[in-house]
Amino acid sequence: MIINNILTSWYSVNKRDLPWRRTTNPYFIWLSEIILQQTKIEQGLPYYEAFVTKYPSVFDLANASESEVLKLWQGLGYYSRARNLHASAKYIVAELDGVFPNNYKDLLKLKGVGDYTASAIASFCFDEVCAVVDGNVYRVLSRYFGIDTPINTSQGNKEFKALAQKLISPKNPGEFNQAIMEFGARQCKPSNPDCTVCPLQDGCMALQKNSISDLPVKLKSLKPKTKHFNFIVFIFNEGETIIEKREGKGIWQNLYQFPLIETETSTSFDTMHSLLEKHELIPSSNYDLTLYNEEAIVHKLSHQHLHTKFWIVAIDSLASKGVSVDIIKDYPVPVLLSNFIEEFNF
DNA sequence: AAGTCGGGGGC
DNA sequence: GCCCCAGACTT
């Protein structure tokens with residue numbers, strides 16, 4: 001039996017009942033695929049339910065504000081996904097009359113939709129013969145065919161895409177794509193897969209060569225950089241504080257935060273005092289400074305380790321308008337801050 | 001081609 | 001501590 005048939009028959013028995021598998025509405029499929037990028041199903045599922053409930057159509061999503069969308073996305077990470085999702089919804093409503101693109105080529109034009117997502121939507125919703133290549137597919141194919149080309153190179157990308165495209169059947173492209181991904185997620189797992197019950201064990205090159213744990217090959221990623229974040233938590237006017245929108249390029253774009261002072265090294269009380277002396281928001285030196293956490297909180301991201309201190313500044317007046325601490329929960333903030341806000345309890 | 005973008009969980 | 005996750009975008 002060819003690999004396609006083995007995978008699809010395995011899938012018919014082992015597939016999970018997931019909400020986006022009960023529909024071929026491209027709007028819902030698109031939502032699920034964006035949410036699931038670099039995200040495990042268990043983590044993405046509640047977000048999918050929340051988005052479908054709050055935005056049952058692309059018009060509802062387009063009519064929302066970006067902050068509102070980011071708020072619903074809060075905690076999921078990779079926030080450019082939410083910004084692009086919202087921008088694409090507005091594009092579909094404004095330019096396409098709310099009609100979802102119905103082919104790979106047009107789907108690719110949507111912000112945040114790359115080769116994988118366009119292939120997924122095109123095959124699931126419109127039966128287009130486009131093979132998906134996600135982390136699962138890389139793993140299954142590299143092992144079964146014994147391919148050691150690093151997957152995070154353009155070489156590997158091209159090679160595995162071509163191979164998957166060769167294996168997919170025009171008969172059932174969507175089902176094959178779902179099958180190979182589900183198979184990678186549940187049978188051909190990253191670590192300690194149970195190859196004794198694997199329906200592909202006969203032809204699997206990696207099993208034959210005892211190289212399951214060596215595949216797929218991936219080039220090493222860089223070491224995360226350490227940064228030192230000092231958040232200034234102002235308290236004034238009986239229950240007000242200051243929050244700002246993060247502008248610019250880096251992490252957490254368009255999310256909100258307390259005024260941030262980034263330093264080269266861990267910051268002492270003395271250093272913080274002198275930094276606050278020349279702070280634009282502070283008109284006088286009449287304030288009370290306390291450090292919320294003696295030990296820096298280390299928030300670990302893929303490329304940065306954020307050593308974070310929360311400095312509490314009680315002050316009489318400020319050179320800026322504040323917000324009531326009661327409504328900061330309505331703003332989208334990074335997990336690092338929502339954890340603090342919950343714990344601090346103002 | 002390499003770097004950037006989150007957060008959670010497995011081992 | 002390191003790796004992975006229904007990847008895409010920027011430089």
Side-chain angles (χ1 to χ4, degrees), chain A residues 11 15-16 18 20-21 29-48 70 73-85 87-88 107-121 123-124 130-140 150-158 160-161 164 174 176-186 188-193 213-225 227 246 248-255 298-306 332-339:
Chain A
Y11 179 63
K15 74 184 221 181
R16 287 168 285 185
L18 298 168
W20 47 86
R21 286 185 176 156
I29 299 297
W30 171 60
L31 263 183
S32 74
E33 291 301 337
I34 301 298
I35 287 171
L36 292 175
Q37 285 170 7
Q38 292 295 286
T39 303
K40 291 196 169 119
I41 284 174
E42 304 81 67
Q43 189 189 3
L45 188 51
Y47 286 85
Y48 175 80
L70 283 170
W73 199 272
Q74 178 176 303
L76 198 55
Y78 283 170
Y79 296 94
S80 66
R81 292 184 291 170
R83 298 191 300 269
N84 288 334
L85 185 80
S88 291
L107 286 162
L108 262 188
K109 294 174 186 167
L110 302 178
K111 280 187 183 175
V113 173
D115 180 76
Y116 163 79
T117 305
S119 300
I121 300 172
S123 64
F124 298 168
C130 297
V132 296
V133 181
D134 74 332
N136 294 305
V137 177
Y138 278 125
R139 190 167 52 254
V140 173
I151 60 173
N152 53 344
T153 60
S154 51
Q155 251 318 314
N157 191 357
K158 275 168 55 182
F160 284 96
K161 174 77 180 180
F176 172 77
N177 280 338
Q178 299 254 23
I180 191 169
M181 289 194 284
E182 186 83 336
F183 183 80
R186 306 192 62 187
C188 197
K189 297 183 295 182
S191 60
N192 304 321
S213 59
D214 301 324
L215 295 172
V217 173
K218 196 170 183 181
L219 267 40
K220 295 276 184 207
S221 52
L222 277 55
K223 276 188 180 154
K225 289 175 182 166
K227 293 190 172 185
R246 282 186 70 95
K249 299 250 111 179
I251 57 171
W252 302 332
Q253 188 183 4
N254 293 2
L255 274 67
V298 184
H299 188 68
K300 295 183 177 179
L301 307 177
S302 303
H303 296 84
Q304 303 177 31
H305 286 182
L306 307 178
V333 298
V335 164
L336 175 61
L337 292 194
S338 62
N339 287 345

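Here is how names work: the chains are called A, B, and so on, in the same order as the sequence lines, proteins then strands, and each is numbered from 1.
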Would you say [N] has OP1 or OP2 under 4.0 Å from some side-chain N or O of [X]?
X: A/T117; N: C/dA8; answer: yes
X: A/W252; N: B/dG7; answer: yes
X: A/H303; N: B/dG6; answer: no

Check: protein-nucleotides 2-4 of chain C nitrogen or oxygen pairs below 3.5 Å:
{"unit_1": "C/dC3", "atom_1": "OP1", "unit_2": "A/K220", "atom_2": "NZ", "d": "2.9"}

> How far does the P atom of B/dC11 sit from the matching atom of C/dA6, given to the nearest Å?
Replying inline: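 Here B/dC11 and C/dA6 have their P atoms 14 Å from each other.
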>> With rounding to the closest Å, how many angstrom separate the C1' atoms on B/dG6 and C/dC4?
In response: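 So the two C1' atoms sit 14 Å from each other.
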> Does a side-chain heavy-atom distance below 4.5 Å link A/N157 with A/D115?
Replying inline: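 A/N157 vs A/D115: side chains apart.
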> Can you tell me if A/S119 uses its side chain to pair, donor with acceptor, with the backbone of A/T117 under 3.5 Å?
Replying inline: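 No; judged by distance alone, with no hydrogens or angles, the pair does not exist.
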> Should the heavy atoms of other residues, nucleotides or ligands under 6.0 Å from NZ of A/K111 be counted, would the total exceed 12?
Replying inline: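 Counting neighbours around NZ of A/K111, 12 or fewer heavy atoms of other residues, nucleotides or ligands fall under 6.0 Å, so no.
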>> By the 4.0 Å heavy-atom rule, please label A/D115 as base, sugar-phosphate, or nothing.
In response: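 Touches sugar-phosphate only.
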>> Quick check on DNA chain B: between A/L219 and A/V335, whose nearest nucleotide comes earlier from the 5' end?
In response: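 Taking each residue's closest nucleotide, the earlier one in sequence belongs to A/L219.
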> If each of A/N339 and A/K249 is mapped to the nucleotide of DNA chain B with the nearest heavy atom, which maps nearer the 5' terminus, i.e. the 5' end?
Replying inline: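 The residue whose closest nucleotide sits nearer the 5' end is A/K249.
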> Is a donor-acceptor pair below 3.5 Å formed from side chain A/Y78 to base B/dG6, judging by atom type as modelled?
Replying inline: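 Per atom types, the contact qualifies.
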> Quick one: does A/R186 reach the base of C/dA6 with a side-chain donor-acceptor pair under 3.5 Å?
Replying inline: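 Looking at the base of C/dA6, it does not pair with any donor or acceptor on the side chain of A/R186 (distance under 3.5 Å).
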